[in-house]
Each structure stands twice: as C-alpha cells, then as structure tokens.
Engineer: 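Below you'll find the structure I mean.
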Protein chains: 2
Amino acid sequence: MQQLFQHLNGFYKLSQEALAALEASFEELILPKGAFLVTHGNVCRHMYFLQKGALRGFYNLEGKEITHWFGFENDFITSFHSFITGEPAVENLQLLEGSILYSISKEKLTGLFNRHHEIERLVRIVYEKYYIRLEERYVNAQFKTATERYEALLKNTPHIIERVSLGYISSYLGISQETLSRIRSRL
Amino acid sequence: MQQLFQHLNGFYKLSQEALAALEASFEELILPKGAFLVTHGNVCRHMYFLQKGALRGFYNLEGKEITHWFGFENDFITSFHSFITGEPAVENLQLLEGSILYSISKEKLTGLFNRHHEIERLVRIVYEKYYIRLEERYVNAQFKTATERYEALLKNTPHIIERVSLGYISSYLGISQETLSRIRSRL
DNA sequence: TTTGCAATTTGACTATTGTCAAAAGCAATA
DNA sequence: TATTGCTTTTGACAATAGTCAAATTGCAAA
C-alpha cells in the first residue's frame, strides 16, 4: 500500500486521516496472467491501481481484437466509460502478466468523497493529469504517420516495447503487424 | 449566466450559495470573429464557457496549421494542458464566429474549490465526462478510416459540418482537403 | 538436441490517401 | 455585371499502408 500512497502523494498531499480512510477502503488483489478485470458487456464498478504487472484493454471490431490501451506499474485502471456512466463496458481489460493490484469500489469511493473533500480533490487532480495525457495520445493518433507513432512510442514509453508482443503493439498503434515489422526493419 | 447555470445543473446540482459564488466569479466576454482566446507560447490562465459562437483549436506543424478541436455552444474551453500545468500553450484558440463567453481565472477557481467542496465536485464530474468524450475521439482517430471518421462526424456532430469550412474539417479529421472532398462526392 | 508452435519477417500485389497543379464554384463589392 | 479572393472540386501521379500467403526465427517442452 506504501507504493500507492507514495504515488498519490505526487498528485496531492493527503492528511493522515484521509490516508487511513483510503487504507481501509482498498483491497489487495493478486491475479495470474490472462485474468480479466473487466469484460465486455459487464458494468465495471471498481477502480484499480496497478502495483506490479501489466495489462491491456481491447475490444472486438469486426472479429478482430483492437488493443487500445496498455497499463503498467503505477497506473490507475478501470473501464472509464463504464465506471463513470454505470453502463456496460465495451472493452475488456486483461492481465498480460501476473499482477498485484489494489481495488476500490465506486460506492466506497463516493463515500470517501463525501467525508473527505481532500480525497475528491486528489481525484480531480488525477483526472486532470489523465486528461492531458489522453489529449497527447489523441494528437499522436490523429496527426502522425505510423512511423512517427512508433518512434514516439520508442521515445516516450520504451517499456511497452520491451514487455508487449508486436501483435498487440501494432494494434495499439493502429497499423497492421506487417507494416510495423517493416517500420522496425527500416529504422 | 442562466444558460451556464442550467448547463452546470446537468452535471451536478449546486446550492444557492455556490451558484452565487460562481456568479460573482465569472466575467462576461464578447469577442469578434477571429479573436484569440489563447496563443501559442503563452500560459492560459482562464477557463471559458462558450454561450454563443464557435471556435477552433489549432497548432503549427511544419508550417501547416493543424486544427485539432472545435468548440461550440455549451462547451468548456481552455488550453487544458496549459491551464492545468501552468506551462505555455502549444496551441491557439481562435473564434470562428463572433461569440459570447464567460471566463473564470484559475486563481478564482482554486479559491472556489477551497470554499465550496461542491464546486470542486462539479468540476471533478465535468472532467470525468470530458475524459470519456475524449476517449471516444481517440478511438475514432486511431482505429477508423478517413471515410468512417467523416461518417461519424456527420452522424454525431453534424453542426460542425454546417458551421465550419472544409479546410478546417479535413485537418480536424487528419486527412487532406482533397481526400475529404472525394469522400463527400462518393457518399 | 530435436520437435512443435507461436511470433515475426518478407514478398507480391492491392487499396487508400497524399501532393501538386489546375479548374470550377461562390459570394462580396466596385 | 465584371472583378476579386476564397473555398471546393477534379485530374494525374506518388507515397503510404493493408492484405494474403509463405518463409523464417525464437523459444519452450519433450
């Protein structure tokens, strides 16, 4: 739990009381490679913190799996759409490695918001940061060529390339595996 | 101001006190077509609510203007990256039509957060909703073809096509103007 | 080591999109 | 009505990326 708290501290410094309340609300979760946190069609009622491990988010499009997201150490993870709206998730979240996570239900989180203004502030700040990050990914996706996107991945998140198979990465980059293979051979 | 309050009400219902505090903090802004809310290289210290009008966000890439965003009635507008981090904006925000806006400084907003937990809650909820919206745009950008992206635009936000010139729209879709013109002639 | 399977690369060809240049359409205005 | 400037369309060709199939590589189980 120390790792989670330290990470939270990077967003906003909480009081001892708030930290104690959080500590009582998170549950540790140890899951094997291949396990699913969220599956398509089901409502996702939890927010996860990934302490150790890796996972991918993917959905099905015309029979093919589209990987749209990777999560690693110190990421907050959920099907945001489902968690926020309460509607069934359109995507799946699956562990790529055996992982250690901490989970909190939406219900408990809402309760914490009511009792601790500062926890809601922390989450507001986390959303801000995640928003900016997503905006950057969006600009990358929309306005860069396949080669530029791969180069950005090499530069900004090389750990993805080291820990994830090419098939998933090419899907994540929105290009075919063959094209990615050719890009790599050219660089 | 009524329109802003009604819009906020759709996210979270504020008390009379909080509304009064907001009312005292927002400033009306009437600007002509072509005016800039934010320019590249300058820190954006305000959040805007667009009551009437339209605008685009764009940045320069290798001499070309890339339009990455449009704002219309009832949108919250800022250079999120700059507003949140305090760093200089990389993009410009320019009015496409004469517009009526309400503006609040980051400083005032932070003060409101401290005095009114419920205002911070409202903003947290707005961020959630904007996050989901951006996530959808991201998936569209990364995994759909040019034709599909244009069709999605027609279906989800037809007002954009009615009010914005093709040159901006093609840039927004991440395709050349000629390709967009050909897509339109084929449909 | 060898075998078997999955991941990755390569080849040949097709489809999509981009680029540059020219033409057509449209609207304000002199 | 003619002129001007801007937006949109069209044509010809080049570049980029996708698809399908086959070869190669890498790695783990036997």
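Owing to the predicted nature of the structure, the values given are computational and were not obtained by experimental measurement.
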Engineer: Could you label the plane-to-plane angle of the A:H46 and A:Y48 rings as parallel, tilted or perpendicular, counting under 30° as parallel and over 60° as perpendicular?
Structural biologist: tilted

Engineer: According to the interplanar angle, ranging from 0 to 90°, do the rings of A:F72 and A:F70 count as parallel (below 30°), tilted (30 to 60°) or perpendicular (above 60°)?
Structural biologist: tilted

Engineer: Is the phosphate of C:dT9, meaning OP1 or OP2, less than 4.0 Å from a side-chain N or O of A:R184?
Structural biologist: yes

Engineer: What is the distance, rounded to the nearest whole Å, between atom CG of B:L96 and atom C1' of D:dT7?
Structural biologist: 15 Å

Engineer: Is NZ or CZ of B:K129 both nearer than 6.0 Å to the six-membered ring centre of B:F11 and within 45° of the ring axis?
Structural biologist: no

Engineer: Please work out which of the three classes, parallel, tilted or perpendicular, describes the rings of B:H68 and B:Y59, given edges at 30° and 60°.
Structural biologist: tilted

Engineer: Round to a whole Å and report the spacing from CD1 of A:I161 to P of C:dA7.
Structural biologist: 18 Å

Engineer: Parallel, tilted or perpendicular: which fits the ring planes of A:F36 and A:F58, with parallel below 30° and perpendicular above 60°?
Structural biologist: tilted

Engineer: In whole Å, I'd like the distance from the NZ atom of A:K144 to the P atom of C:dG18.
Structural biologist: 16 Å

Engineer: Rounding to a whole Å, what distance do you find between B:I66:CD1 and C:dG18:C1'?
Structural biologist: 13 Å

Engineer: What does nucleotides 10-20 of chain D look like as a protein-contact string, B for base, S for sugar-phosphate only, - for none, at under 4.0 angstrom between heavy atoms?
Structural biologist: BBB----SBBB

Engineer: Does the side chain of A:Y138 pick up a donor-acceptor pair with the side chain of B:R137 at under 3.5 Å?
Structural biologist: yes

